[in-house]
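Heads up: the structure comes next, in structure tokens.
Just so it is clear, the model here is predicted, and its values are computed rather than measured. First the proteins, then the strands, lettered A, B, ... as listed; each starts at 1. Hydrogens, waters and symmetry mates play no part in the numbers below; they use all other heavy atoms, side chains included.
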Amino acid sequence: MSDEPRGASSDPEADPTHPEAYVLNMGPQHPSMHGVLRLKLHMIGEEIVVAEPVIGYAHRAHEKMAENRNYLMFLPNSSRIDYLSGMIYNIGYCQAVEKLLEIEVPERAQYIRVIACELNRIASHLLWIGTYVLDIGGVTPFLYCWDDREQILDLLDAITGSRLTYSYGRFGGVTMDVDDAFLTGTRTFLERMKSRLPEYDTLVRKNVIFIERSRGVGIMDRQTCRAYGVTGPCLRAAGVAYDVRKSEPYGIYDRFDFAVPTESAGDCLARYDVRIREIEESLKIVTQAVRDLPAGPIMPDKPKKKFKPAEGASYFAVEAARGAFGMYLVSDGSEVPFKLKLRTPSFSNLSSMPKVLAGTMVADTIAIVGSLDIVLPEIDR
Amino acid sequence: MNGYAQLACYLVLGLVLGGVIVVLPQLLSPRSIGRTTENTYECGIDTVGSAWMRFSITYYVFALIFVAFEVDILYLFPVAVAYEPSGWRGLAEIAAFLVILSLAILYAWRKGVFVWKSHRAPQSSSGPNA
Amino acid sequence: MKLEAFVLLSLVLFSAGLYAVIARRNLIAILIGVELMLNAVSLNFMAFNRFVALDPAVGQVVVLFIIGLAAAEVAIALSIILAVYRQRKQIDADQLDELKG
Amino acid sequence: MSPPETLVDKLDSPWLGVVLGVAAVLGMLTVNVLFLVWLERKVSAWIQRRMGPTEVGPFGLFQTLADMLKLLSKQLITPRHVDKPLYHLAPLVVFVPVVAAASLFPFSAGLVLQDLDIGLVLVFAFGGLAFVGIFMAGWGSNNKYALLGAMRSVAQNISYEIPLILASLSVVLMSGTMNLAKITALQSERGYWFIVLQPVAAVIYFIAALAETNRAPFDIPEAESELVAGFHTEYSGMRFALFFFAEYSNVFIVSMVATVLFLGGWSGPLLPGPVWFFLKVYALVGLTMWVRWTFPRLRFDQLMSFCWVVLTPLAILNLLITAFVARLV
Amino acid sequence: MSTVTGLLMAIAICGALLAVSLKNVLHAIFGLAITLLALAGLFMVLGSPFVAAMEVLIYVGGISVAMVFAVMLSTVVPKHAAETSLRKGAAALVALTFLLGVGAIVVGADLPSTSAPTLPAELWSVAHLGTALLDHYNLVFEVLSVVLLVAIIGAIVISRREEEHTES
Amino acid sequence: METPTRTGRLGRFFTGFGSLFHGLAVTSRHFGRTIFLRKNVTQQYPHEKPTLPKAYRSAIRLIRFPETDSHDCVGCKACERICPSACIAVDGGKVEGIKKKRASHFEMDFALCSLCGLCLDVCPTTTLEYSRLYDEAGYNRNWKHDLLAEFRAREPAFIAEQRQREQAEAEAKAQKAPKKEKPPKEGDAP
């Protein structure tokens with residue numbers, strides 16, 4: 001985005017040239033700007049006239065890198081696009097390539113993928129709850145959330161060998177099978193999480209200060225969401241029941257019984273509620289997947305060695321923790337993708353900020369931006 | 001020595017000690033100055049404009065109300081100390097005083113001073129939530 | 001210390017305030033001058049209260065009253081200054097000549 | 001008028017007494033600050049299922065001492081474009097009143113450095129001086145965050161000063177004195193703490209004191225997620241340490257005031273006076289820590305309207321009722 | 001004791017000079033604060049620590065803070081037209097004339113040079129002051145509350161109108 | 001926002017106030033669990049060593065097979081080609097006297113490695129595995145490890161033994177059908 005102030009809001013009073021307006025930079029090195037986002041705020045008094053997100057401080061050219069290496073070599077990049085739900089991105093990329101190459105994935109691998117992805121989604125949402133409460137000043141819930149998240153990371157660590165940037169998926173399956181210890185651990189975790197959610201409810205959701213800070217703050221209505229392509233919990237908090245897992249089921253998601261939670265208010269509180277209920281839904285999915293996990297191989301019997309798709313293009317989208325993550329793969333028939341376009345949810349969600357932030361008080365900025373759950377590397381991919 | 005004079009000495013000695021505490025590390029500490037060491041902190045970006053700018057008027061209204069209020073309630077200190085022997089008349093006077101004081105709050109409340117309102121309609125104004 | 005010293009100090013402060021009121025053009029600076037003058041008066045009251053009066057409560061009450069009035073005066077004066085600034089974008093006394101016919 | 005005999009008067013030379021007194025106050029405050037910071041870190045760790053400092057000294061007790069030594073050896077950075085006199089003086093203006101205010105408290109019967117009749121008002125007066133210091137820091141830094149933090153800090157402090165004073169006025173009205181030692185003595189005489197008669201005032205006082213000392217959930221001025229570090233964003237090394245010192249000492253001072261006003265000061269059975277006094281003070285400080293590590297932060301406008309719409313009217317009402325009841329009894 | 005008094009007087013004068021001479025209004029306010037603190041000290045010397053505490057609380061903690069707020073709201077401080085030397089000279093002349101004239105009167109007035117009368121301590125006590133406020137001077141007490149009420153209302157009205165003005 | 005009735009407002013005030021105490025109860029429970037039950041979640045790292053999962057993914061190393069007491073890298077460069085971070089440099093080729101090719105150079109830049117495991121997947125001789133290093137730290141940008149270093153001293157002996165093995169194999173082959181077998185690796189993904 002440009003360095004010049006843009007008239008982001010259509011409001012005639014939103015005039016950054018107002019004599020009393022001044023510019024406040026929030027970020028890139030700000031204690032609570034997630035990652036290195038820079039918000040250039042044109043303010044009058046405490047009120048934001050024009051908010052201008054300036055991005056690019058963590059740019060790593062993932063899309064360009066994809067054009068310079070073969071399909072397999074891009075695999076480790078995928079979970080680094082969004083390091084907080086890296087598993088979903090990693091598996092999603094595998095699924096996109098599988099769609100292009102028409103590779104069949106064994107049943108067991110499908111189930112393992114679902115378990116891993118949903119655990120990862122819970123971890124991501126837990127982290128969001130923690131950081132959001134931290135953003136509005138509560139430190140302790142943050143650590144409780146990280147404690148729970150740690151359990152998930154331990155579980156995933158046991159099967160993938162890494163805790164954050166999993167290169168777990170392979171074209172056609174996953175790298176490593178799950179064992180009984182993992183399944184037992186997962187069941188234990190499901191129980192633990194069910195007992196923890198009421199605690200969050202008491203400590204955070206019912207807290208009057210939390211409610212006061214979140215209710216009616218940062219309202220994103222349906223129109224705004226539609227205009228900016230907002231997806232994920234932010235969209236569902238505005239009352240639109242759009243979830244890629246339901247609307248365009250991929251993998252084996254159509255086999256599970258889960259709901260798409262929605263709220264209508266579209267404010268920070270609604271986004272919190274949606275995420276908490278999504279954790280519950282994910283817990284349900286994991287429970288079912290663990291119950292139904294079939295025996296069998298985790299890779300095709302004869303895995304392909306060369307990944308050389310025919311000329312053509314395909315689009316594949318998954319529901320990441322932050323919204324719809326789409327990959328548009330263009331193949332020119334060689335081993336190297338001609339173009340990989342990533343549609344990342346945080347980017348679209350953040351782009352609504354100039355509109356949402358204009359006219360709010362600076363005190364709410366952090367809460368609103370925090371409630372989006374942005375991950376900067378994903379925006380700057 | 002008078003207790004109040006002592007208090008003054010405490011202030012002076014505190015000032016001296018504080019000065020020593022600040023000056024001492026100035027002499028002891030390392031000194032290394034780079035190009036941006038002495039920049040004003042604004043999240044790693046060069047500051048645009050001076051920080052000495054205008055702020056929201058709401059703060060200022062609070063300051064004014066505070067000044068008036070503080071005078072009021074500080075008057076109550078001697079009165080409170082002398083309340084015991086003052087009889088029902090004392091109660092009436094304090095009550096009148098406090099009621100008048102409350103009127104100020106009531107007025108400010110009715111005028112919406114304590115509601116920190118944003119000048120424009122907040123957030124998305126693209127239409128009603130369909 | 002004698003009474004005279006306090007009275008003279010009060011006089012010096014009052015003159016300083018007078019100077020500020022005449023010389024300064026910034027309305028807040030003028031207000032500072034006024035505050036100085038008020039305080040000079042308070043000091044006088046306190047000094048006479050100490051050295052002359054038989055009931056020390058009198059002078060103290062007067063001084064408290066002055067302080068209270070000063071607070072009220074500041075509240076109103078600052079509001080007016082602010083209003084003027086908001087209208088004119090500057091607070092120099094000389095520029096405010098609208099009433100000069 | 002002759003002030004009652006105090007500890008200092010028992011010494012031969014008054015000057016020696018003053019110097020010793022300052023040394024005692026500073027020593028007490030320093031040890032307290034170091035201990036409080038350690039305690040804060042430990043309490044927060046325990047609440048959050050962590051361990052806190054463990055490495056330096058037994059139970060990590062010397063961790064804060066090490067931190068202080070580190071701060072002492074840090075470079076003092078003065079940014080360009082600061083308003084030099086204000087910037088340099090601000091830490092002192094915040095620091096000095098704390099030392100003076102801390103000398104006013106009765107730690108036990110007879111153990112009081114300065115037994116002044118208007119002790120309570122003086123404590124508030126010294127607290128009021130800090131506003132100026134905060135402004136100097138915020139303005140002097142020429143930093144937008146610092147200035148915003150200073151504006152908020154002062155606006156918050158002055159607002160909560162009103163319910164704070166009103167709550168303590170209720171006690172003054174009941175006891176008929178502003179002398180801290182006499183208020184304490186009165187409570188041990190009557191055999192009950194004033195919190196029994198003034199629970200509402202005590203709660204108001206506690207909430208207002210949290211806000212006065214910028215503790216969560218009222219830590220808006222330093223709301224690090226918004227304003228980085230508030231008015232002391234640009235201060236480093238020992239200058240920052242002075243602000244820090246003042247902040248924690250203020251927590252301690254308001255707890256001491258609360259102890260004297262509502263919890264009967266030094267009075268208590270069996271144990272000697274100072275032990276009771278510090279036990280109560282630390283219990284209160286612990287309570288502020290517990291609160292701090294539980295709640296999120298209020299937004300600034302909510303904070304202000306809470307003060308003026310809820311706390312202040314409540315405090316006025318409480319004062320009125322106190323006056324009425326005192327007349328009846 | 002008199003050295004302390006002299007010191008306080010000197011500080012008061014220095015502060016006052018700073019307050020009236022500094023270009024930067026904000027610095028001038030802090031100069032005023034210094035004077036006020038010294039005056040509070042003098043009030044203590046003059047036997048009324050309570051009034052001294054009030055001076056600190058109201059003037060330093062209240063009025064000067066409000067002034068600083070006003071400065072922050074009104075203008076970027078160094079940016080106001082400087083006083084002309086002519087004006088300064090004229091003002092100095094008036095002030096000096098006043099100082100010398102009244103000073104001569106004061107010196108010539110033959111003020112009582114006795115040391116302060118020793119009154120019983122309870123006459124200086126805050127309780128006595130409170131009784132006086134409740135008793136003889138209760139009108140002062142009540143009138144002041146009304147004055148302050150009016151001041152608050154006035155301040156709110158003026159600043160509210162300003163806010164509406166900026167809004168429209 | 002709706003304007004609540006007076007009782008509603010008062011009720012909300014008290015529920016709000018109560019919610020604060022519920023929050024305090026939660027934190028105090030955790031407080032008690034930490035200091036009385038000693039159930040904190042901290043792992044005092046330098047004092048307690050971490051327990052690594054079986055699948056722990058660290059920098060790669062060459063497997064030392066028990067049969068040969070050496071690695072089986074033939075220097076085919078498959079890993080070098082697939083490595084997305086280009087952190088592997090392999091060289092190898094014919095060694096005098098034996099049929100099998102041997103790696104002569106296997107250098108890895110730990111600073112660049114992204115621990116993706118693709119090299120393990122493509123290794124034709126499955127001689128690569130994850131090491132169990134977790135506290136490695138590089139002190140400069142040139143943080144290269146020679147993975148062959150630990151095998152170098154044994155290399156002449158290995159070649160001699162390999163020659164014998166190949167001779168024996170050739171003899172056996174001459175007698176019967178050839179039997180190609182690779183030593184199995186534990187924990188290998190199928």
Honestly, the part of Leu32(E) sitting under 4.5 Å from a heavy atom of chain C is side chain

Okay, Leu22(E) and chain C: the region with an atom under 4.5 Å from a heavy atom over there is backbone

Heavy-atom nearest pair, Ile66(C) first then Ser42(C), reads CG2-OG, 3.5 Å

Of all heavy-atom pairs linking Glu55(E) and Ala40(E), the shortest is CG-CB, 4.1 Å

Residues Leu13(C) and Ala16(E): closest non-hydrogen pair is CD2-CB, 3.5 Å

Smallest heavy-atom separation, Gly33(C) atom then Ala20(C) atom, equals CA-CB, 3.8 Å

With a 4.5 Å cut-off on side-chain heavy atoms, are Ile32(C) and Ile29(E) touching?
yes

Tightest non-hydrogen contact, residues Gly17(C) and Leu36(C), listed as CA-CB, 4.0 Å

Given Leu36(E), Val147(E), Val150(E), Val102(E), the one with more heavy-atom pairs under 4.5 angstrom with chain C than any other is Val102(E)

The interface call for Val21(C) against chain E, heavy-atom contacts under 4.5 Å, is neither

Here the pair of heavy atoms bringing Val7(C) nearest to Phe48(C) is CG2-CE1, 3.8 Å

When the 4.5 angstrom heavy-atom criterion is applied to Val12(C) and chain E, the contacting part is both

Phe45(C) atom CZ: more than 12 heavy-atom contacts under 6.0 Å: no

So, the part of Leu46(E) with a heavy atom under 4.5 Å from chain C: the answer is both

Whatever's closer than 4.5 Å to a heavy atom in chain E on Val74(C) counts as side chain

If one checks every heavy atom of Ser21(E) against chain C at 4.5 Å, the contacting part turns out to be backbone

Honestly, the part of Leu78(C) sitting under 4.5 Å from a heavy atom of chain E is side chain

One option among Leu43(C), Asn39(C), Ile22(C) has the most heavy-atom pairs under 4.5 Å with chain E, and it is Asn39(C)

Most heavy-atom pairs under 4.5 Å with chain E, out of Ile67(C), Leu18(C), Val58(C), belong to Ile67(C)

Okay, Ala77(C) and chain E: the region with an atom under 4.5 Å from a heavy atom over there is neither

